[in-house]
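These notes are about the structure you will find just below.
Predicted, not measured: the structure shown is a model, and the values here were computed from it.
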Amino acid sequence: MIVGSLAAGFLTNSIPLNGRSAPSKYRTLRELGRAKGVSIGAATSAAQLYEDRSFADVLLSECDRIVPEWEMKWSAIYSVQGRVDLGGMDKICSFAKEKGLRVRGHPLIWHARLPVHIQAEIDAGRAKVLLKNHVSFVMSRYQDVIDSWDVVNEAILPSDGNSNGFRSSPWFSALGPSYIHNAFELAREFAPNARLVYNDYNVEYDGVKADAVLSLLKSLTSARIPIDAVGLQSHLWATRRRIEREKFIRFCGSIRDLGLEILVTELDVRENQFEYSTEHRDRVVSKVVEEYLKALLSVAVPKELCFWGLSDRYSWLSKPQYNPENPRGYVNRGLILDEKLARKEVWATVFSLLDKIK
Ligand code: XIL
């Protein structure tokens, strides 16, 4: 891809950032991340990896980690009652093993995308058995390639009105908060060498949610539940919301003080500025990501920095069902590569911030 490679060549040897440029001996985020102890990842799908060669080639140059965007959702695995379909996950993990990539197991236990027949089993009092069977089977199957697991995803939603801000999920309704403890204890049993992660979103914008997440983390660590890290999904907003910077920095400091690592697990920007020029949109996205990562890096270096997609070509935010402010399905330019796989200003911003890590 001429544009991509020219941009790549230009950007890698001399990183232009708002008029400043800095030489670097690293050419890609993967190389730089490896040197700084940061594993660079992207959400993707089996179809993208096996059917879009140009995309897969760029992913291999920029990332050393992949995350299943949907193949590990319960809606994908248990789509047909009585069957367990891990074909998509098997393809993703085979690709990873063949190419020397690591994989994030995402999500293990989540409230969303539960098939109706699974919901019925939970309601019939089989939640604990379901949870154990799923965790043991899936973790055992991929323990040679998945080294980091979102054991529980999005368990906190203060607006649901439960004590301590727990989300009214099918798991919570059936088992109370103990489903979280149970999931992490099983995870340690079946993936003893993996990084066990609690993953959630909006903690950079919503102080009430951040406090509830912190309260959960304190309860887990004080109960010696085996948890290693917190995943900040990092779905940012180009407009309409501003990061509560000082509160967010204190939140990250509290996580670090609990002895937990901090990961960035799903970074992208809901930019929705479709009527503006590409240059303006990309500049805003770059500035939002710069502000966010500078705040985080002032407290900790994330061992995993994963984007919720590598290229705007496949952003979930271009789909109206996930981005209500984009009813006409315009391409959301919230990732580090554009639709043509060319690097954008935000790529140079991320590169420059990582390059400054000592
Ligand atoms: C989303 C995927 O992008 C969609 O393709 C899928 O249909 C639904 O899930 N937070 C998460 C991710 O933890 O699992 C979600 O991914 C996006 C929000």
Side-chain angles (χ1 to χ4, degrees), residues 30 39-51 56 59-60 63-80 82-115 118 129-155 171 179-180 182-199 225-231 233 261 263-266 302-310:
R30 174 185 172 131
S39 172
I40 304 295
T44 184
S45 69
Q48 293 166 14
L49 296 173
Y50 286 92
E51 298 167 23
L59 182 142
L60 289 170
C63 300
D64 68 357
R65 180 179 297 277
I66 52 180
V67 192
E69 182 172 356
W70 69 275
E71 283 87 349
M72 193 174 264
K73 280 29 182 216
W74 286 49
S75 50
I77 298 172
Y78 304 108
S79 57
V80 176
R83 275 187 50 201
V84 181
D85 180 2
L86 285 163
M89 272 309 297
D90 287 351
K91 287 184 76 173
I92 285 180
C93 290
S94 298
F95 183 91
K97 278 189 274 193
E98 180 192 335
K99 306 294 185 181
L101 301 175
R102 288 169 284 183
V103 179
R104 300 209 73 243
H106 170 88
L108 207 50
I109 302 299
W110 194 29
H111 65 281
R113 297 290 181 281
L114 293 175
I118 292 286
V129 172
L130 268 175
L131 191 150
K132 176 166 186 175
N133 290 349
H134 180 74
V135 171
S136 56
F137 181 67
V138 173
M139 293 191 107
S140 304
R141 188 181 184 95
Y142 301 116
Q143 59 181 325
D144 60 337
V145 64
I146 298 183
D147 65 348
S148 179
W149 291 87
D150 287 336
V151 175
V152 173
N153 193 36
E154 303 180 0
W171 304 108
Y179 84 92
I180 301 170
N182 194 6
F184 277 97
E185 286 169 337
L186 285 166
R188 183 66 91 216
E189 179 184 347
F190 290 99
N193 305 314
R195 180 176 286 136
L196 304 184
V197 186
Y198 173 74
N199 195 49
I225 297 298
I227 174 172
D228 304 307
V230 179
Q233 289 187 12
E261 296 168 2
L263 312 177
V264 173
T265 53
E266 306 181 16
K303 285 201 168 75
E304 297 174 39
L305 172 55
C306 296
F307 301 90
W308 203 243
L310 182 64

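- Using a 4.0 Å cut-off between charged side-chain N and carboxylate O, Arg102 and Glu304 make no salt bridge.
- By the side-chain hydrogen bond (donor to acceptor under 3.5 Å, both in side chains) test, Thr44 is found to be paired with Gln48, residues two or more places apart in sequence or in another chain being considered.
- Remark: Val129 engages Arg126, Asn133 in a side chain to side chain contact (heavy atoms under 4.5 Å, CB included) (not counting sequence neighbours).
- Considering all non-hydrogen atoms of both residues, Ala187 and Val135 come closest at N-CG1, 3.9 Å.
- Applying the side chain to side chain contact (heavy atoms under 4.5 Å, CB included) rule to Ala183 yields the partners Ile109, Leu131, Val151, Val152; only residues at least two apart in sequence or on another chain are considered.
- Note that CD1 of Ile118 is 15.0 Å distant from CZ of Arg113, once rounded to the nearest 0.5 Å.
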Item to check | Derivation and outcome, side-chain hydrogen bond (donor to acceptor under 3.5 Å, both in side chains), residues Gln143 and Asn193 | outcome: CA-CA 9 Å; Gln143 59 181 325; Asn193 305 314; over 6 Å; no

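- Panel note: side chain Trp74, backbone Leu108; a donor-acceptor pair is recorded below 3.5 Å.
- Every residue two or more places apart in sequence or in another chain was checked for a side-chain hydrogen bond (donor to acceptor under 3.5 Å, both in side chains) with Glu69, and none qualifies.
- The shortest side-chain heavy-atom distance between Leu86 and Ile77 falls under the 4.5 Å cut-off.
- One distance of note links OG of Ser94 with CE of Met89; it measures 9.5 Å at 0.5 Å rounding.
- Under the rule for a side chain to side chain contact (heavy atoms under 4.5 Å, CB included), the partners of Arg188 that lie at least two apart in sequence or sit in another chain are Leu196, Pro226, Asp228.
- Contact detail for Leu49 and Ala56: the closest heavy-atom pair is O-CB, 3.6 Å.
- Note on residues 83-94: pairs passing salt bridge (charged side-chain N to carboxylate O under 4.0 Å, His left out), not counting sequence neighbours, are Asp90-Arg141.
- Every residue two or more places apart in sequence or in another chain that forms a side-chain hydrogen bond (donor to acceptor under 3.5 Å, both in side chains) with Lys97 is listed here: Asp144.
- Taking every heavy atom of both residues into account, Ala96 and Val103 meet most closely at CB-CG2, 3.4 Å.
- The ring pair (Phe, Tyr, Trp, His ring centres under 6.0 Å) check on Tyr50 picks up Phe95, with sequence neighbours excluded.
- Between Pro68 and Trp308 the shortest heavy-atom distance is O-CH2, 4.2 Å.
- A distance of 6.0 Å or more separates the ring centres of His106 and Trp149.
- A distance of 13.0 Å separates CD of Glu98 from SG of Cys93, quoted to the nearest 0.5 Å.
- A donor-acceptor pair shorter than 3.5 Å can be found between the side chains of Gln233 and Asn153.
- Between Glu266 and Asn199 the shortest side-chain heavy-atom distance falls below 4.5 Å.
- Rounding to the nearest 0.5 Å places CG of Leu310 at 10.0 Å from CG of Leu60.
- Across Cys63 and Arg30, no two heavy atoms sit closer than the pair O-NH1, 2.8 Å.
- Listed by chain and number, the residues in a side-chain hydrogen bond (donor to acceptor under 3.5 Å, both in side chains) with Ser39 are Asp64, Arg65 (sequence neighbours excluded).
- Every side chain to side chain contact (heavy atoms under 4.5 Å, CB included) that Lys132 has, sequence neighbours left out, goes to Leu186.
- Here the CG atom belonging to Leu130 is positioned 9.5 Å from the CG atom belonging to Leu114, to the nearest 0.5 angstrom.
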Checklist entry - Please walk me through it: do Arg104 and Cys306 pass side-chain contact (heavy atoms from CB on, under 4.5 Å)? => result CA-CA 9 Å; Arg104 300 209 73 243; Cys306 296; 3.7 Å; yes

Next on the checklist: Run Phe190 and Val138 through side-chain contact (heavy atoms from CB on, under 4.5 Å) and show every step you take.
Outcome noted: CA-CA 9 Å; Phe190 290 99; Val138 173; over 6 Å; no

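- Rounding to the nearest 0.5 angstrom, the gap separating the CG atom in Leu305 from the OG1 atom in Thr265 is 10.0 Å.
- Between the Tyr198 side chain and the Ala155 main chain, a donor and an acceptor come within less than 3.5 Å of each other.
- Applying the ring pair (Phe, Tyr, Trp, His ring centres under 6.0 Å) rule to His111 yields no partners; only residues at least two apart in sequence or on another chain are considered.
- Residues meeting the ring pair (Phe, Tyr, Trp, His ring centres under 6.0 Å) test with Trp110, sequence neighbours left out: none.
- The shortest heavy-atom contact between Ala46 and Gly88 is CB-O, 4.2 Å.
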